[in-house]
Amino acid sequence: MNYFQTFVFTALYYVTVASPKCCLAFSATQQPAFLQSIASLLNPNFLSLPQGKKSEEIAKQQKRDSLKVELLSLCKEDKVDRSQVETIIQELKLVQPFENTASSPLLQKEWLLVWTTEKEINVFSDLNISGDITQTIASSSLKNWIPFRAGGGFGVTGTIEPDQDVPQRTNFVFNSATLDIGFFQLSIPPIGKGWFDTLYLDDDLRVDVNVRNDILICTPAKQESAM
C-alpha cells in the first residue's frame, strides 16, 4: 500500500470509526461531499490509474464538489440570476465523469426539483400552492408530480427513450395527465412530446436543459443514508 492509499484509508477510518458521533449525525442526511470524494478515490478503477492520472482525477473531483455546492447554494437564493447558473453548468459539463447520461442507471430514480426556469411549474411554487415537486424515472417511464398543499395534485405520465445520436438526450412523449383536487379528479388528454439533455449527472445531482431551453436542477428525493 503506497502513501496515498494509506492516507485515504486513514481518513476513511477516522470519519467512519474513530468519530462515531460524526457518523451518527450524518446517517439521516446526505453523505458529505468529502466522504463521497474519499469513496470515489477508493474505487478500483481509480487505484489502478498512473499517479499523474490520479492527481488529475482528484482535482476533477474537488472541482465537482465545489461547483455542486456553489450551484445548490445559488438556487436557494430569493432571486436567482440565470446567467450565473449557466456559468456553473458550463463548468460542471467539463468535469462530468461520463458522457452517456441518458442511458445511465443513475438517472433512474425519483428526483426532487430544486430550481427551474419553467414558468408552468414555477407558477405553482410562486403562489405557494405546491409542495415538493418530483419527477420519477423508472425504466422507460416518466412521471411528474406537483402536490397541492391543500390536498391532491397535478400529475403527468409518459414514456422515455435515450436518443440514438445524442448521448445526453432523453426523448419523451406524454400520454396522460390528471388533475386531482381531493374531491374531484379530471383526466386530461396527452399534452406533448420533446426532449431533455442531462448535462450533469451523478449520485446526488442532476442538471437538465430541455427542448425549450429551460433549466431543471434536481437532487434525489430520497437520500441514501451513510453506512
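None of these values were measured; they are calculated from a predicted model.
Panel note: side chain Thr116, backbone Ile215; a donor-acceptor pair is recorded below 3.5 Å. Gln108 places a side-chain N or O within donor-acceptor distance of the main-chain N or O of Ser139, the cut-off being under 3.5 Å. Side-chain atoms of Asp197 never come within 3.5 Å of backbone atoms of Leu199 as a donor-acceptor pair (strictly under, hydrogens ignored). Of the possible polar contacts, none joining the Thr198 side chain to the Thr101 backbone as a donor-acceptor pair under 3.5 Å is found. Here the side chain of Thr87 pairs a donor or acceptor atom with the backbone of Ser83 at under 3.5 angstrom.
Asp132 meets the side-chain hydrogen bond (donor to acceptor under 3.5 Å, both in side chains) test with no other residue; sequence neighbours excluded. Applying the side chain to side chain contact (heavy atoms under 4.5 Å, CB included) criterion to Asp126, with sequence neighbours excluded, gives Asn122. Residues satisfying the side chain to side chain contact (heavy atoms under 4.5 Å, CB included) criterion with Phe183, sequence neighbours excluded, are Ile181.
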Side-chain donor-acceptor pairs of residues 89-97 under 3.5 Å, sequence neighbours excluded:
residue	atom	partner	partner atom	Å
Glu91	OE1	Lys63	NZ	3.2
Gln96	OE1	Leu201	N	2.8
Gln96	NE2	Phe98	O	3.1
Gln96	NE2	Leu201	O	3.3

Give every donor-acceptor pair under 3.5 Å between a side-chain atom in residues 142-151 and any protein atom, sequence neighbours left out.
residue	atom	partner	partner atom	Å
Asn144	OD1	Gln135	NE2	2.8
Arg149	NE	Asn128	O	3.4
Arg149	NE	Asn128	OD1	3.0
Arg149	NE	Ser130	O	3.0
Arg149	NH2	Asn128	OD1	3.3
Arg149	NH2	Ser130	O	3.1

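Contact annotation: the side chain of Val85 approaches that of Ile217 to within less than 4.5 Å [non-hydrogen atoms, C-beta and beyond]. Contact check for Leu67 versus Glu70: side-chain heavy atoms found under the 4.5 Å cut-off. The closest side-chain heavy-atom distance from Phe174 to Ile188 is not below 4.5 Å. Proximity of Val207 to Ile88: side-chain heavy atoms (C-beta onward) are nowhere separated by under 4.5 Å.
If you take CD on Glu86 and CG on Asn213, they are separated by 7.0 Å, rounding to the nearest 0.5 Å. Atoms CG and SG, from Asp204 and Cys218 in turn, are 12.5 Å apart once rounded to the nearest 0.5 Å. Between Gln168 atom CD and Trp195 atom CH2 the span is 11.0 Å, to the nearest 0.5 Å. Here the straight-line distance linking atom OG1 of Thr170 with atom CD1 of Ile160 works out to 6.0 Å at 0.5 Å rounding. Atom CD in Glu120 sits 4.0 Å away from atom CZ in Arg212 (nearest 0.5 Å). We find the CD-CG distance between Glu118 and Asp208 to be 10.0 Å, quoted to the nearest 0.5 Å.
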* Asked: Do Lys109 and Arg206 pass the side chain to side chain contact (heavy atoms under 4.5 Å, CB included) test, and can you show the C-alpha distance, the side-chain angles, and the key distance before you say yes or no?
  -> CA-CA 11 Å; Lys109 65 180 69 173; Arg206 170 184 161 204; over 6 Å; no
* To do: List the steps and the verdict of side chain to side chain donor-acceptor pair (under 3.5 Å) for Thr117 and Asp214.
  => CA-CA 5 Å; Thr117 58; Asp214 279 316; 2.8 Å; yes
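A chain of hydrophobic side-chain contacts below 4.5 Å, direct or via other Ile, Leu, Val, Met, Phe, Trp or Tyr residues, connects Val123 to Leu113. By the rule that hydrophobic residues join a cluster once side-chain heavy atoms approach within less than 4.5 Å of another member, Leu112 and Ile121 end up as members of separate clusters. Cluster membership for Leu216 and Leu106, using ILVMFWY side-chain heavy atoms within less than 4.5 angstrom, is shared.
Between Leu205 and Trp111, the shortest heavy-atom contact is C-CZ3, 4.1 Å. Closest approach of Cys75 and Val114 over heavy atoms only: CB-CG1, 4.0 Å. The two residues Ala102 and Pro162 come nearest to each other via the heavy atoms O-CG, 3.9 Å.
Counting only residues at least two apart or in different chains, side chain to side chain donor-acceptor pair (under 3.5 Å) contacts with residues 151-165 comprise Thr157-Asn175, Thr157-Ser176, Asp163-Asn171.
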